2 protein chains.
Amino acid sequence: MSGGEFNSWQTVQAEVLRRINAREWKPGDFIPNEAELSVEFGCARATVNRALRNLAESGLLDRRRKAGTRVALHPVRKATLDIPVIRYEIEGKGQTYRHIVLLRQREVPPSGIRARMQTEPGVKLVHLVTLHLADGKPYVFGDRWINPEAVPGIESADLTAKSANEWLVVNVPFEGGDFSFSAMTAGPREAEILACKEGEGLFVIDRSTWNQTHVITSVRLTFAPGYRMHTEI
Amino acid sequence: MSGGEFNSWQTVQAEVLRRINAREWKPGDFIPNEAELSVEFGCARATVNRALRNLAESGLLDRRRKAGTRVALHPVRKATLDIPVIRYEIEGKGQTYRHIVLLRQREVPPSGIRARMQTEPGVKLVHLVTLHLADGKPYVFGDRWINPEAVPGIESADLTAKSANEWLVVNVPFEGGDFSFSAMTAGPREAEILACKEGEGLFVIDRSTWNQTHVITSVRLTFAPGYRMHTEI
DNA sequence: CAGATTTTTATGTATATACTTATAATTCAA
DNA sequence: TTGAATTATAAGTATATACATAAAAATCTG
């Protein structure tokens with residue numbers, strides 16, 4: 001307590017992790033309860049709680065009240081990935097960032113977008129197509145639909161200075177988002193905009209963000225060939 | 001306190017989140033310190049700490065000792081994505097899972113793999129190519145290299161019953177991983193294995209996992225056209 | 001005045017205690 | 001015997017307190 005010898009929650013977490021990895025506690029096994037572990041490790045129950053909670057959050061343990069704590073059967077490890085703000089991403093690589101607005105108009109969206117945006121038939125949305133360049137070369141282009149109802153300032157915003165991507169991040173809070181990652185084959189349009197060959201495989205991110213009341217925006221980012229999204233555990 | 005009216009850390013978190021979203025506390029602003037907030041919310045500092053820590057973990061606040069807590073300038077939202085175990089993913093969709101081992105041999109890896117796996121020149125690794133099928137149709141194929149030094153049982157494992165993917169998840173603990181997501185263009189080999197056309201865009205995951213001492217395995221998963229990886233915030 | 005030292009301060013963590021809550025297990029009742 | 005009520009239990013949370021630690025700010029020094 002006063003001496004200096006104590007178990008931090010990290011120590012406890014490391015030891016529990018070691019036991020899981022060493023298969024001393026196997027997937028599906030119940031592990032001792034918090035009270036028992038706190039005695040074993042010579043620390044407070046709160047400390048054990050912190051350690052186990054952390055491991056549960058990262059998917060290695062399953063915990064339920066009264067039932068107890070068990071080693072996760074399907075150790076679904078979770079990776080966290082940052083949502084890129086394109087300018088930061090490019091500038092972070094030491095390249096210069098520039099963007100061009102290719103299209104900006106109010107438009108009735110196609111049905112797929114309308115479903116995503118949950119708007120009534122016939123309602124016009126802001127349609128925005130932007131090309132982002134790194135060192136002058138096409139990097140990614142965004143085909144974006146914005147619900148002006150959810151974003152009051154959008155009509156008057158100067159989207160040539162700051163891209164919609166950045167403008168929205170700074171000006172419009174969102175509560176939730178929905179991402180999907182996939183690949184597509186470059187057609188004539190993509191080939192022209194991204195200055196690549198038709199038929200090349202392109203990395204695509206589809207993203208919708210919303211707040212309590214509205215779907216704010218829905219965007220498809222199509223990256224030039226060679227793009228990689230990276231993350232670690 | 002005893003009555004029933006109290007502020008849980010969730011309540012505090014929700015209110016802080018509201019203020020951030022309402023721009024009462026703008027990106028870059030310092031927010032009141034834990035002691036002040038605990039007075040304002042009528043709760044213990046530990047409760048405020050829990051709330052703020054949580055928000056910091058999800059990227060909305062930046063905290064530093066002594067400096068204080070500020071609203072993140074670049075609200076890099078973090079999405080967590082589950083690392084797919086292919087069989088679960090397919091069966092989760094209600095499809096039947098099957099896999100075929102296309103190649104399994106000890107082999108000296110090409111230099112790119114060798115660099116990734118951090119092995120000495122000339123050292124042989126286990127090379128394994130597996131096709132995973134959903135309802136009998138090609139879903140993804142894995143081109144995998146395994147360091148037998150890190151995985152003692154691998155030589156004798158029956159990888160026709162359980163795929164290497166699943167066998168490794170169950171039998172080999174790992175401490176860290178490295179993921180990258182990208183797109184490629186189907187060449188003759190991919191077209192043949194995945195039964196798609198040459199020139200189609202394919203989604204690719206490159207993954208390495210390691211423990212303290214070794215890089216365990218490095219795999220490239222190439223998905224059939226149409227695959228989407230999905231996540232929410 | 002630059003550079004080293006000390007002080008101050010906000011977050012970070014540990015602990016004992018107490019109470020809450022979900023839920024498994026048990027008992028009771030129809 | 002089934003279904004409802006009760007009990008016991010393990011995690012979940014709140015709190016007061018104390019000390020640790022990083023780092024900004026202030027002070028001291030040559």
Side-chain angles (χ1 to χ4, degrees), chain A residues 1-17 19-20 25-73 75 78, chain B residues 1-17 19-20 25-73 75 78:
Chain A
M1 202 178 290
S2 62
E5 215 71 357
F6 67 92
N7 281 312
S8 66
W9 67 268
Q10 288 97 333
T11 312
V12 175
Q13 168 167 350
E15 173 58 15
V16 171
L17 200 55
R19 292 183 191 181
I20 294 172
W25 292 338
K26 287 185 270 295
D29 285 2
F30 279 100
I31 74 173
N33 68 37
E34 294 186 349
E36 289 164 345
L37 287 176
S38 71
V39 171
E40 184 194 333
F41 290 122
C43 66
R45 186 169 76 87
T47 305
V48 174
N49 181 281
R50 177 92 151 86
L52 298 189
R53 175 158 41 86
N54 221 42
L55 288 169
E57 272 164 15
S58 50
L60 274 118
L61 294 175
D62 284 332
R63 321 192 73 200
R64 260 176 38 246
R65 281 182 186 173
K66 160 73 186 174
T69 300
R70 55 166 69 196
V71 180
L73 257 179
K78 284 170 185 166
Chain B
M1 200 177 288
S2 63
E5 215 71 356
F6 67 92
N7 282 311
S8 66
W9 68 267
Q10 287 98 332
T11 313
V12 175
Q13 169 166 349
E15 173 58 14
V16 171
L17 200 54
R19 292 183 191 181
I20 294 172
W25 292 339
K26 288 184 270 298
D29 285 1
F30 279 99
I31 75 172
N33 68 37
E34 293 186 350
E36 289 164 345
L37 287 176
S38 72
V39 171
E40 184 194 333
F41 290 122
C43 67
R45 185 169 77 87
T47 305
V48 174
N49 181 280
R50 177 91 150 84
L52 298 189
R53 177 159 39 87
N54 222 42
L55 288 169
E57 271 165 16
S58 51
L60 275 120
L61 294 175
D62 284 333
R63 321 193 74 199
R64 256 172 46 241
R65 281 183 185 171
K66 161 73 186 174
T69 301
R70 53 166 70 195
V71 180
L73 257 178
K78 286 171 183 165

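In what follows, every chain begins at residue 1, and chains take the letters A, B, ... in the order their sequences are listed. Being a predicted model, the structure only gives us computed values, none of them experimental.
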List the atom pairs, with distances to 0.1 Å, where a side-chain N or O of residues 41-52 of chain A and a protein N or O form a donor-acceptor pair under 3.5 Å, not counting sequence neighbours.
unit_1	atom_1	unit_2	atom_2	d
A:R45	NH1	A:E34	OE1	2.5
A:N49	OD1	A:R53	NE	3.4
A:N49	ND2	A:E34	OE2	2.8

query = Which sits closer to the 5' end of DNA chain C, A:A44 or A:R64, going by the nucleotide each is nearest to?
reply =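 Result of the comparison: A:A44.
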task = Measure the angle between the two terminal helix axes of the helix from C:dC1-D:dG30 to C:dA30-D:dT1, five base pairs each, and quote it to 10°.
result =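 Taking five pairs per end, the axes differ by 10°.
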To the nearest Å, how far apart are [X] [atom1] and [N] [atom2]?
X: A:E36; N: D:dA11; atom1: CD; atom2: P; result: 9 Å
X: B:L52; N: C:dT11; atom1: CG; atom2: P; result: 8 Å
X: A:L37; N: D:dA10; atom1: CG; atom2: C1'; result: 12 Å
X: B:N49; N: C:dA14; atom1: CG; atom2: C1'; result: 12 Å
X: A:N54; N: D:dG12; atom1: CG; atom2: P; result: 12 Å
X: B:Q13; N: D:dA14; atom1: CD; atom2: P; result: 11 Å
X: A:E34; N: C:dT17; atom1: CD; atom2: P; result: 17 Å
X: A:R50; N: C:dA16; atom1: CZ; atom2: C1'; result: 18 Å

Partner set under side-chain contact (heavy atoms from CB on, under 4.5 Å) for [X], not counting sequence neighbours:
X: A:A35; value: A:N33
X: A:A14; value: none
X: B:K66; value: none

request  = Please name all residues satisfying side-chain hydrogen bond (donor to acceptor under 3.5 Å, both in side chains) with A:E40, sequence neighbours left out, ordered by chain then number.
outcome  =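 With sequence neighbours excluded, A:E40 shows a side-chain hydrogen bond (donor to acceptor under 3.5 Å, both in side chains) to A:R19, given in chain and number order.
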With sequence neighbours excluded, residues passing side-chain hydrogen bond (donor to acceptor under 3.5 Å, both in side chains) with A:R65 =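 With neighbours one apart ignored, the set is empty.
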At under 4.0 Å, does any side-chain N or O of [X] touch on OP1 or OP2 of [N]?
X: A:Q10; N: C:dT13; answer: yes
X: B:T47; N: D:dT13; answer: no
X: A:R63; N: D:dG12; answer: yes

request  = Please work out if A:R45 contacts a base, only the sugar-phosphate, or nothing of the nucleic acid, heavy-atom cut-off 4.0 Å.
outcome  =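 It contacts base atoms.
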Side-chain heavy atoms of B:V16 within contact of B:L55, under 4.5 Å =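 Result yes, sub-4.5 Å side-chain heavy-atom pair found.
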ask   = Taking the side chain as C-beta and beyond, is there a heavy-atom pair between A:V12 and A:E15 under 4.5 Å?
value =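 They are not in contact (no side-chain heavy atoms under 4.5 Å apart), so the answer is no.
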task = Find which nucleotide of DNA chain D each of A:T69 and A:A46 is nearest to by heavy atoms, and output the residue with the more 5' nucleotide.
result =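 Final value for this comparison: A:T69.
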Polar atoms only, N or O, under 3.5 Å: list the protein pairs with nucleotides 5-9 of chain C and their distances.
unit_1	atom_1	unit_2	atom_2	d
C:dT9	O4'	B:K66	NZ	3.3

query = Hey, mind stepping through B:V71 and B:K26 against side chain to side chain contact (heavy atoms under 4.5 Å, CB included) and telling me if it holds?
reply = CA-CA 7 Å; B:V71 180; B:K26 288 184 270 298; over 6 Å; no
